[in-house]
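All values reported here derive from a predicted model rather than from experimental measurement. Naming convention: chains lettered A, B, ... in sequence-line order (proteins, then strands); numbering from 1 in each chain.
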There are 2 protein chains.
Amino acid sequence: MNTLFKALNDATRRRILQMLQDKDMTAGEIADQFDISKPSISHHLDILKQAKLISSERDGQFIRYAINTTVVEEAANWFLEILNKSDSS
Amino acid sequence: MNTLFKALNDATRRRILQMLQDKDMTAGEIADQFDISKPSISHHLDILKQAKLISSERDGQFIRYAINTTVVEEAANWFLEILNKSDSS
DNA sequence: TCTCTATTTAGATGTTTATCTAAATATCTA
DNA sequence: TAGATATTTAGATAAACATCTAAATAGAGA
C-alpha cells in the first residue's frame, strides 16, 4: 500500500496512468505529452512500476508501457472496504 | 485530487482513517493509538481534514473526529473509472 | 563497426514533508 | 478565577522527493 499511494501522490504520474487507460505507449510517447525532461518521466515511470501500477516490455528500440489493472483494483477495494465498514454507507 | 492523494500518502493517516471507520474518536483517543507526539497527530488530522476525508466537531473539552464517506467514494470512483476505461477490465 | 535514436542512470539542487519540543488557546471544574 | 486537561500553533530539523543536466546503455540500420 505504501508504494501504491506514494506512486499516486503526483499529478504527472496520475496523468500517465490515465493516458495508459486508452492504449499502451512507449516511454518517448509518454514524455512527449509533458513539459518535463525525459529522465524525469523515466523516473516517474519507475515509481509507477515499483507500485506495479504499470508494466514494461522492450519492443526493439522502444520500451512499451501498459497499465496493470489488478493493482488498480486492489486500490479501489481499499476504498470500498472503508465505505462498507463505515456506518454511514 | 491533489490534497486527497497527498493525505492518503502516509501510513499513519491511512490507519487513522481505518480507525474512524468503526467509530468517531477524539484527537486524544486517536493519538493514544500511536507512538507519535500529539502535535504530530494533530498535524495529520489537519491534512486529512484539508482533504475533507474527515470532519471535526468540538464536544466540550474534546474535539471529535469522524470519517467523511463522500470523499472516500469519490476516490473509489477515480479508480473504478480507470478500470472501466481500460480494455483489459 | 559506426552512428543515430530511445531510454535509463548518476549526481546535484531546491522544495516538501514528518517529526519533535515549547508555547499558546480553549474548556472544564473546584 | 485558578489550575488541570485537551488540542493546536510555531518554529526547527532531518529525510524524502521532483526536477534538471550530463553521461551511460541498448538496439537499429547503413
Side-chain angles (χ1 to χ4, degrees), chain A residues 1-20 22-68 71 75 78, chain B residues 1-20 22-68 71 75 78:
Chain A
M1 272 306 163
N2 248 318
T3 53
L4 172 66
F5 283 111
K6 176 188 157 183
L8 291 167
N9 184 29
D10 183 278
T12 300
R13 290 196 288 269
R14 290 197 298 273
R15 200 171 132 207
I16 291 174
L17 222 49
Q18 289 175 315
M19 285 162 52
L20 292 175
D22 304 322
K23 59 175 186 308
D24 297 356
M25 295 173 81
T26 67
E29 285 171 340
I30 293 169
D32 286 346
Q33 304 297 313
F34 295 91
D35 274 345
I36 296 176
S37 72
K38 281 173 195 206
S40 294
I41 295 294
S42 180
H43 180 233
H44 283 307
L45 290 170
D46 187 46
I47 289 169
L48 286 168
K49 216 176 140 183
Q50 278 172 234
K52 296 198 172 67
L53 281 161
I54 62 174
S55 62
S56 68
E57 192 183 347
R58 184 169 276 279
D59 176 10
Q61 217 171 351
F62 305 89
I63 294 184
R64 189 164 297 279
Y65 284 89
I67 199 167
N68 177 2
V71 174
W78 190 89
Chain B
M1 273 305 163
N2 247 318
T3 52
L4 172 66
F5 283 111
K6 176 187 156 182
L8 292 167
N9 184 29
D10 182 278
T12 300
R13 291 196 287 269
R14 290 197 298 274
R15 199 170 133 207
I16 290 174
L17 221 49
Q18 290 175 315
M19 285 163 53
L20 292 175
D22 303 323
K23 59 176 187 307
D24 298 355
M25 294 173 82
T26 68
E29 285 171 340
I30 294 168
D32 286 346
Q33 303 298 313
F34 296 91
D35 273 345
I36 296 176
S37 72
K38 281 174 194 205
S40 295
I41 294 294
S42 181
H43 180 235
H44 284 307
L45 290 170
D46 187 45
I47 289 169
L48 286 168
K49 216 176 143 183
Q50 279 172 232
K52 297 197 170 66
L53 280 161
I54 61 174
S55 62
S56 68
E57 193 183 348
R58 183 170 276 280
D59 177 9
Q61 216 172 352
F62 305 88
I63 294 184
R64 190 164 296 279
Y65 285 91
I67 199 166
N68 177 2
V71 174
W78 189 90

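Backbone-only contact: Asp10(A) has heavy atoms under 4.0 Å from sugar-phosphate atoms and none from a base. The residue Tyr65(A) sits close only to the backbone: its heavy atoms come under 4.0 Å of sugar-phosphate atoms, none of a base. Using a 4.0 Å heavy-atom distance criterion, Arg13(A) is classed as a sugar-phosphate-only contact. Among the heavy atoms of the strands lying under 4.0 Å from Ile47(A) are primed sugar atoms or P, OP1, OP2 only; no base atom is included. Residue-level contact check: His43(A) touches the bases, meaning some heavy atom is under 4.0 Å from a base atom.
The side chain of Ile36(B) has dC20(C) as its nearest neighbour among dC20(D), dG27(D), dC20(C). The Lys6(B) side chain lies nearest to dT17(C) when the options are dA22(C), dT17(C), dA26(D). The side chain of Gln61(A) approaches dG27(D) more closely than any other nucleotide in the set dT7(D), dT7(C), dG27(D). The side chain of Thr12(A) approaches dT19(D) more closely than any other nucleotide in the set dT9(D), dT19(D), dT7(C). Minimum atom distance to the side chain of Arg58(A) is reached by dA26(D), of the listed dA26(D), dT8(C), dC20(D).
Two residues are said to be in side-chain contact when any heavy atoms from C-beta on lie closer than 4.5 Å; Asp59(A) and Thr26(A) fail this criterion. Between Leu20(B) and Ile30(B), the closest side-chain pair of non-hydrogen atoms falls below 4.5 Å.
Between dA18(C) and Ser40(B), no contact under 4.0 Å exists linking OP1 or OP2 to a side-chain N or O. Residue Thr26(A) has no polar side-chain atom (N or O) positioned under 4.0 Å from OP1 or OP2 of dA6(C). One finds no side-chain N or O of Ser37(B) lying less than 4.0 angstrom from the OP1 or OP2 phosphate oxygen of dT19(C). Put simply, His44(A) has no side-chain N or O that comes within less than 4.0 Å of OP1 or OP2 on dC17(D). Dashed line: the shortest gap from a side-chain N or O of Ser42(A) to OP1 or OP2 of dT8(C) is under 4.0 Å.
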Please determine whether side-chain contact (heavy atoms from CB on, under 4.5 Å) holds for the pair Tyr65(B) and Glu57(B), giving the CA-CA distance in whole Å, both sets of side-chain angles, and the decisive distance to 0.1 Å.
CA-CA 7 Å; Tyr65(B) 285 91; Glu57(B) 193 183 348; over 6 Å; no
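In this structure, CD of Glu57(A) is placed 16 Å from C1' of dT7(C), rounded to the nearest angstrom. Rounded to a whole Å, the CD1 atom of Ile41(B) is 15 Å from the P atom of dT9(D). One can place CD of Glu29(A) at 17 Å from P of dT5(C), the figure rounded to the nearest angstrom. Separating the CD atom of Gln50(B) from the P atom of dT17(C) is a distance of 10 Å, rounded to the nearest angstrom. Here the P atom of nucleotide dT7(D) and the NZ atom of Lys38(B) are 7 Å apart, to the nearest Å. Rounded to whole angstrom, the span from the CZ atom of Phe62(A) across to the C1' atom of dT7(C) amounts to 11 Å. We find that CD1 of Ile16(B) is positioned 11 Å from P of dA18(C), with the value rounded to whole Å. Going from atom CG of Asn2(B) over to atom P of dA18(D) covers 12 Å, rounded to whole Å.
Geometrically, Arg15(A) engages Phe34(A) in a cation-pi contact, judged by NZ or CZ lying under 6.0 Å from the ring centre and within 45° of the ring axis.
Mapping Gly28(B) and Gly60(A) onto DNA chain D by nearest heavy atom places Gly28(B) at the nucleotide closer to the 5' end. Checking Arg64(A) against Asp59(B), the closest nucleotide of DNA chain C that is more toward the 5' end is the one next to Arg64(A). Between Asp46(A) and Asn9(A), the residue whose closest nucleotide on DNA chain C is further toward the 5' end is Asp46(A).
Distance alone, capped at 3.5 Å, is enough to place a donor-acceptor pair between the Arg13(A) side chain and the Ala7(A) backbone.
With rounding to the nearest 0.5 Å, the separation of CD1 in Ile54(A) from CG in Leu17(A) is 7.5 Å.
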